[in-house]
Amino acid sequence: MDYNRLAELLFPHITTTPADMEAKYPPRKLPEGAKVTRFAPSPTGFVHFGGLFPSTVAERLAHQSKGVFYLRIEDTDAKREVEGAAQGLIKTLATYGIHFDEGAVLDENGNIADKGDYGPYKQSMRGPIYQTYAKQLVREGKAYPCFTTEEELDELQQVNKKEAIKNTDWQAEAESRRAEMLARRSFTLEDVEENLRAGNPFVLRILANGDPEKKTKFTDLVRGALEIPENDEDFVLLKSDGIPTYHFAHAVDDHLMGTTHVIRGEEWLPSLAKHIQLFSYLGFKLPKYMHISQIMRLDENGNKKKLSKRDMGANMDDYTGMGYSPEAVCEYVMTLLNSNYEEWHAKNADKPYTEFPFNIKKMSVSGCLFDFNKLGDVSKNIISRMSADTVYEKLTAWASVFDPDFAAQLTADPAYTKQILAIGRGGKKPRKDLTTWVDAKPYMGFFFDPYYEIVDGYPQGFENADVVAALERFLATYNAADTMNEWFDKVKAIATELGYAADMKAYKANPADFRGSVADISAFIRVAVTGKQNAPDLYTVMQIIGEERTRARIEAQINNLK
RNA sequence: GGCCCGGUGGUCAAGCGGCUAAGACACCGCCCUUUCACGGCGGUAACACGGGUUCGAUUCCCGUCCGGGUCACCA
């Protein structure tokens with residue numbers, strides 16, 4: 001067969017050569033050891049937790065090595081593309097600290113633009129580049145056109161219909177596919193000319209020369225030594241619209257763009273054979289690969305499943321609404337990514353995670369379960385270390401979007417709100433009341449009159465009259481100017497007066513001797529003032545709320561209970 | 001079903017031929033405490049199984065089992 005002729009037939013409009021491309025996209029000039037990595041999402045939806053993973057690794061590796069981290073939009077499947085998804089991706093990634101040096105960026109109008117010398121960074125704009133290499137492969141007899149239509153193929157591939165998967169005769173399936181593939185390979189130039197004249201679309205397939213019985217040794221940076229069977233499948237390089245498949249685009253782009261480390265999910269491992277073959281056909285140097293294990297969730301049968309779009313916690317845009325700050329999520333990701341992160345963080349509590357020396361060798365090979373408990377713990381610690389001012393800013397920013405009514409309360413008197421937020425904050429052992437911003441309202445809502453309500457009720461085992469008696473005495477002696485000790489002494493005096501134990505030890509020794517304890521008296525007052533049985537230090541709370549409102553709340557309760 | 005990857009407590013995980021098998025989260029108990037939140041102390045709980053190799057296997061090899069991934073003109 002005259003392959004040059006075939007190439008001209010197939011790609012008459014392509015006049016560029018691979019050499020032209022190499023000249024246009026020369027190797028990058030970077031210091032020794034600098035890594036070039038990328039994140040290459042397809043704009044089909046939101047950023048997935050499972051996508052934040054590899055992108056965090058890629059970002060860390062590039063920036064830690066003074067290399068380049070770029071964004072490439074893999075929009076080769078027009079059918080699945082979602083309007084505006086690429087823009088959303090960029091914004092979401094940015095909130096999680098994923099910033100790109102190069103590639104697709106948002107311009108001032110919010111549109112996707114290119115930044116850097118290796119573009120375009122949208123694959124749909126790179127048709128001629130791919131076709132240049134495609135033409136070359138045809139010339140070399142390494143790729144061929146296939147005029148079999150998608151519909152015809154579908155009939156052969158009932159295997160991929162999920163429902164049929166169990167009843168499939170795999171043996172027969174494989175054989176018929178193999179036969180089909182071999183049949184596709186035999187054609188004449190005349191066949192091609194005829195199809196072309198008839199306007200029939202074709203896909204370009206690789207002419208696979210591998211023997212799956214033969215394994216090639218391969219080293220993955222996270223998984224170590226691997227044995228990859230050679231590829232013998234004539235997979236598609238160019239779809240009938242002239243746009244490449246992932247495999248082909250991966251080879252051409254990562255070569256031309258100078259990617260040194262390909263970081264992607266482990267679902268790509270089975271395709272690795274194809275990529276090795278392609279790079280070899282194209283005469284490209286194979287980049288280093290890291291296949292990151294996936295994040296899992298538990299299904300109803302207790303089995304692990306890969307975290308998918310619909311799962312809780314999958315959509316990165318949801319975390320904000322759930323009240324998690326991006327720092328918390330990033331730190332949680334780090335704990336999963338590098339097992340020694342927590343140890344480092346314990347010693348460097350004040351440093352941002354970006355200073356952590358990220359190490360490929362510390363990455364886990366097996367997929368881990370998403371753990372909200374752990375995320376919560378990380379988040380709680382982060383919030384506890386913030387200053388009252390910082391919490392005020394973040395909380396009000398969050399509330400202004402997700403709970404405007406609450407935001408209005410919080411910002412009505414910033415000094416007041418900050419006083420509340422300062423309770424137990426600072427010092428070695430700060431309180432850890434807030435796991436997420438969502439917790440703030442139930443925790444501190446009672447400080448604001450509109451949210452004050454009796455939610456817990458008074459302690460069990462007491463009559464309303466008991467509560468009223470205690471509250472009335474308290475009101476009679478209450479002086480907002482008292483110190484904490486004076487204040488509590490008065491509470492104790494009330495306890496004694498009403499037959500409650502003022503001393504907890506004495507009460508615990510002989511509970512039957514008393515009506516209750518000073519703890520109960522405190523609880524009565526606490527519920528009256530805060531509406532809850534659990535709250536931060538009562539004296540402090542009353543100081544912040546102020547004498548007038550404290551009295552008003554207690555009086556209202558007395559009237560209510562009478 | 002073929003191929004590939006994996007298997008240490010409920011979860012995340014240290015471990016790299018010799019240890020009473022770390023630590024963190026979660027859970028439970030005790031202490032502190034007028035409640036809560038912290039903090040302190042302690043506890044329950046693991047090397048999937050069977051064969052090798054070896055003086056000795058969680059660690060190396062093989063098999064079994066289990067789990068995951070993948071088998072498109074999707075990425």
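Lettering follows sequence order; numbering is per chain, from 1.
- In this model, the phosphate group of B:A75 is approached by a side-chain N or O of A:K239 to a distance below 4.0 Å at OP1 or OP2.
- Taking the C1' atoms as reference points, B:C60 lies 29 Å from B:U70, given to the whole Å.
- With distances taken from any side-chain atom of A:L336 to the nucleotides B:C12, B:A24, B:U34, the minimum falls on B:C12.
- Between A:R223 and B:C4, a side-chain N or O to OP1/OP2 separation shorter than 4.0 Å is absent.
- Using a 4.0 Å heavy-atom criterion, one finds that A:Y443 contacts no nucleic acid atom at all.
- Each of A:S293 and A:K304 was assigned the nucleotide of RNA chain B with the nearest heavy atom; the assignment lying further toward the 5' end belongs to A:S293.
- Here the separation of B:C19 from B:C28, taken at their P atoms, is 34 Å to the nearest Å.
- The distance between atom CE of A:M296 and atom P of B:G7, rounded to the nearest whole Å, is 13 Å.
- Of the candidates B:A26, B:U35, B:A75, the closest approach to any side-chain atom of A:N534 belongs to B:U35.
- In this structure, A:V236 reaches the sugar-phosphate backbone alone: every heavy-atom distance under 4.0 Å involves primed, P, OP1 or OP2 atoms, never a base.
- Phosphate contact (OP1/OP2 of B:G15, side-chain N/O of A:K362, threshold under 4.0 Å): present.
- Counting non-hydrogen atoms under 4.0 angstrom, A:K306 reaches the backbone sugars and phosphates but no base.
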- [ ] Would you sort out whether A:F462 and A:F524 count as a ring-ring contact (aromatic ring centres under 6.0 Å, His included), showing the intermediate values?
- [x] CA-CA 10 Å; A:F462 296 96; A:F524 298 158; 5.1 Å; yes
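- In this structure, A:F488 forms an aromatic stack with the base of B:U34, since both conditions hold: centre separation below 5.5 Å and plane angle below 30°.
- Residue A:Q533 is classed as a base contact, given a heavy-atom separation below 4.0 Å to a base.
- Ring centroid separation for the pair A:H247 and A:F235 comes in under the 6.0 Å cut-off.
- For the OP1/OP2 pair of B:C73 and a distance below 4.0 Å, the side-chain nitrogens and oxygens of A:R205 include at least one atom meeting the criterion.
- Residue A:P212 is out of contact with every strand shown, counting any heavy-atom pair closer than 4.0 Å.
- When distances run from any side-chain atom of A:N373 to the nucleotides B:C71, B:A26, B:C5, the shortest one goes to B:A26.
- Using N1 to N3 plus N6-O4 or O6-N4 for Watson-Crick, or N1-O2 and O6-N3 for G-U wobble, each under 3.5 Å, B:C74 pairs with nothing.
- The phosphate of B:C12 has neither OP1 nor OP2 within less than 4.0 Å of any side-chain N or O from A:S339.
- B:G2 sits 14 Å from B:G63 when the P atoms are compared, rounded to a whole Å.
- Among the heavy atoms of the strands, none lies under 4.0 Å from A:K361.
- Using the Watson-Crick or G-U wobble rule with both distances under 3.5 Å, B:G10 pairs with B:C25.
- With respect to A:R80 and A:D77, a salt bridge is recorded, a charged nitrogen being found less than 4.0 Å from a carboxylate O.
- Between A:H48 and A:Y319, the distance separating the two ring centers is not shorter than 6.0 angstrom.
- Here the side chain of A:D377 is nearest to one of B:C25, B:C73, B:U34, namely B:C25.
- Of the residues near RNA chain B, A:P41 and A:F370, the one whose nearest nucleotide (by heavy atom distance) lies more toward the 5' end is A:F370.
- Taking atom P in both B:G18 and B:C12, one finds a spacing of 26 Å when rounded to whole Å.
- At a threshold of 4.0 angstrom between heavy atoms, the contacts of A:S240 include nucleobase atoms, whether or not backbone atoms are also involved.
- Note: A:W268 and A:Y246 meet the aromatic proximity criterion, with ring centroids under 6.0 Å apart.
- Taking the C1' atoms as reference points, B:C47 lies 5 Å from B:U58, given to the whole Å.
- Heavy atoms of A:K492 sit nowhere under 4.0 angstrom from any nucleic acid atom.
- In the set B:A75, B:C25, B:G68, the nucleotide with an atom closest to the side chain of A:W268 is B:A75.
- Here the side chain of A:R72 pairs no donor or acceptor atom with the backbone of A:R38 at under 3.5 angstrom.
- In the set B:U70, B:C74, B:G68, B:G68 carries the atom at the smallest distance from any side-chain atom of A:K305.
- A:K215 comes within contact range of the sugar-phosphate backbone alone, with a heavy-atom separation under 4.0 Å but no base atom that close.
- The side chain of A:D371 approaches B:C25 more closely than any other nucleotide in the set B:G69, B:C25, B:U35.
- Going from the P atom of B:G15 to that of B:U59 covers 15 Å, rounded to whole Å.
- Proximity note for A:E266 (side chain, C-beta onward) versus B:A37, B:G68, B:C73: the nearest is B:G68.
- Nucleotide B:U64 has B:A48 as its partner under the Watson-Crick or G-U criteria, with both atom distances under 3.5 Å.
- At the heavy-atom level, A:E343 lies nowhere under 4.0 Å from the strands shown.
- Counting non-hydrogen atoms under 4.0 angstrom, A:S384 reaches nothing in the nucleic acid.
- Within the 4.0 angstrom heavy-atom criterion, base atoms lie near A:R526.
- Comparing the same atom, P, in B:C3 and in B:U11 gives a spacing of 29 Å after rounding to whole Å.
- Not less than 6.0 angstrom separates the ring centroid of A:F514 from the ring centroid of A:Y500.
- The side chain of A:A519 lies closest to B:U34, out of B:U34, B:U35, B:C4.
- Aromatic pair A:F49/A:F370: ring centres closer than 6.0 Å.
- Remark: the separation of the C1' atoms in B:G40 and B:A21 is 26 Å, to the nearest Å.
- Across all strands shown, B:U34 forms no Watson-Crick or G-U wobble pair with both distances under 3.5 Å.
- Taking 4.0 angstrom as the limit, A:K432 places a side-chain polar atom (N or O) nearer than this to OP1 or OP2 of B:G39.
- Taking the centre of each ring, A:H275 and A:F218 stay at or above the 6.0 Å mark.
- Side chain of A:L226, nearest nucleotide from B:U11, B:C5, B:A75: B:C5.
- Between A:K428 and B:C38, a side-chain N or O to OP1/OP2 separation shorter than 4.0 Å is absent.
- The residue A:K380 sits close only to the backbone: its heavy atoms come under 4.0 Å of sugar-phosphate atoms, none of a base.
- Looking at heavy-atom distances under 4.0 Å, A:S364 makes contact with sugar-phosphate atoms alone, never a base.
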